[in-house]
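FYI, side chains are in, hydrogens and waters are out, and symmetry mates aren't considered; it's all heavy atoms of this structure.
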Amino acid sequence: MVTTGGPSFFCIQPGRNRERSVCYTRAMPFDRKKLFLVDAMAHIYRAFFCADADAADRAGRRTTNVPYLFGNILKRLIKDYQPDYIGIVFDPPGATFRDKLFEKYKAQRQPMPDEMRVQLPYVKRLCEAMHLPILEVKGYEADDVIGTMAVKGANRIWMC
């Protein structure tokens, strides 16, 4: 850890090919609360594409790999980091303000697979069963909500 009269930072120490230390994040003060804001869709896509999405369909059952793996991700995050506050942030259906600013926004992106779409309500039900707050703001993507909440939280007692 390096101190420079200001906040402390965790650093990668200089090596033979580095001229100075590279600092990536501030050390977390003990008197601050941890706020974790989870981009639900990022983890839903990760869960969907890491497993065989058609396995349950071939067996004649409902596909549930996304809620199962999403739940594992959340349980691991909570166990490893023990946040004081947590929010699960979803992208709302429909257009966002970015679509109005730039009509070709995400034009190259493939549509969400139907096999994933049918699992979204189960992910939300899982979050509700785990008593995790769900944030979804019409007209704003999860990234925008997370950024806004992180800035507001950093100005309070939270470490985001």
Query raised in the report: Who pairs with Asp144 by salt bridge (Lys or Arg N to Asp or Glu O under 4.0 Å), at least two apart in sequence or on another chain?
Result: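 Only Arg98 meet the salt bridge (Lys or Arg N to Asp or Glu O under 4.0 Å) criterion with Asp144.
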Query - Glu136: partners by salt bridge (Lys or Arg N to Asp or Glu O under 4.0 Å), with sequence neighbours left out - result: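 Counting only residues at least two positions away or on another chain, Glu136 forms a salt bridge (Lys or Arg N to Asp or Glu O under 4.0 Å) with Lys124.
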**Report entry** ILVMFWY network linking Tyr122 to Ile73, side-chain heavy atoms under 4.5 angstrom
**Finding:**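 No: no chain of side-chain contacts under 4.5 Å links Tyr122 to Ile73.
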Report task. Tell me whether Leu35 is reachable from Leu135 by hopping between hydrophobic residues (I, L, V, M, F, W, Y) whose side-chain heavy atoms are closer than 4.5 Å. Result ->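 Same hydrophobic cluster.
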Rounded distance (nearest 0.5 Å) linking atom [atom1] of [X] with atom [atom2] of [Y]:
X      : Y     : atom1 : atom2 : answer
Arg76  : Lys79 : CZ    : NZ    : 6.0 Å
Thr64  : Leu69 : OG1   : CG    : 9.0 Å
Ile146 : Asp39 : CD1   : CG    : 4.5 Å

What closest approach, in Å, do [X] and [Y] show between heavy atoms, and which atom pair accounts for it?
X      : Y     : result
Gly139 : Pro92 : N-CG, 3.9 Å
Ala150 : Leu37 : N-CD1, 3.9 Å
Lys34  : Asp84 : N-OD2, 2.8 Å

Query - For Phe90, ring-ring contact (aromatic ring centres under 6.0 Å, His included) partners two or more places apart - result: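 Here no residue qualifies.
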Query raised in the report: ring-ring contact (aromatic ring centres under 6.0 Å, His included) between Tyr81 and Phe36: does it pass, once the steps are laid out?
Result: CA-CA 9 Å; Tyr81 296 99; Phe36 275 52; 5.6 Å; yes
Who pairs with [X] by side-chain contact (heavy atoms from CB on, under 4.5 Å), at least two apart in sequence or on another chain?
X      : answer
Val137 : Tyr140, Val145
Leu74  : Val38, Phe70, Ile88, Cys127, Met130, Leu132
Pro113 : Phe48, Phe49, Glu115, Met116

Query - side chain to side chain contact (heavy atoms under 4.5 Å, CB included) between Arg117 and Asp114, worked out - result: CA-CA 5 Å; Arg117 185 179 317 282; Asp114 289 336; 4.1 Å; yes
Query raised in the report: Would you find a donor on one side and an acceptor on the other, under 3.5 Å apart, between the side chain of Glu141 and the backbone of Asp91?
Result: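 The answer is no, because no donor-acceptor pair under 3.5 Å joins these two groups.
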Requested in this report: Walk me through it: do Ile44 and Gln119 pass the test side chain to side chain contact (heavy atoms under 4.5 Å, CB included)?
Outcome: CA-CA 9 Å; Ile44 288 169; Gln119 297 181 66; over 6 Å; no
Query raised in the report: Would Val123 and His43 satisfy side chain to side chain contact (heavy atoms under 4.5 Å, CB included), going step by step from the backbone distance to the final call?
Result: CA-CA 11 Å; Val123 173; His43 293 295; over 6 Å; no
Report task. Would you please test Val89 and Met149 for side chain to side chain contact (heavy atoms under 4.5 Å, CB included) and show each step? Result -> CA-CA 10 Å; Val89 188; Met149 295 294 293; over 6 Å; no
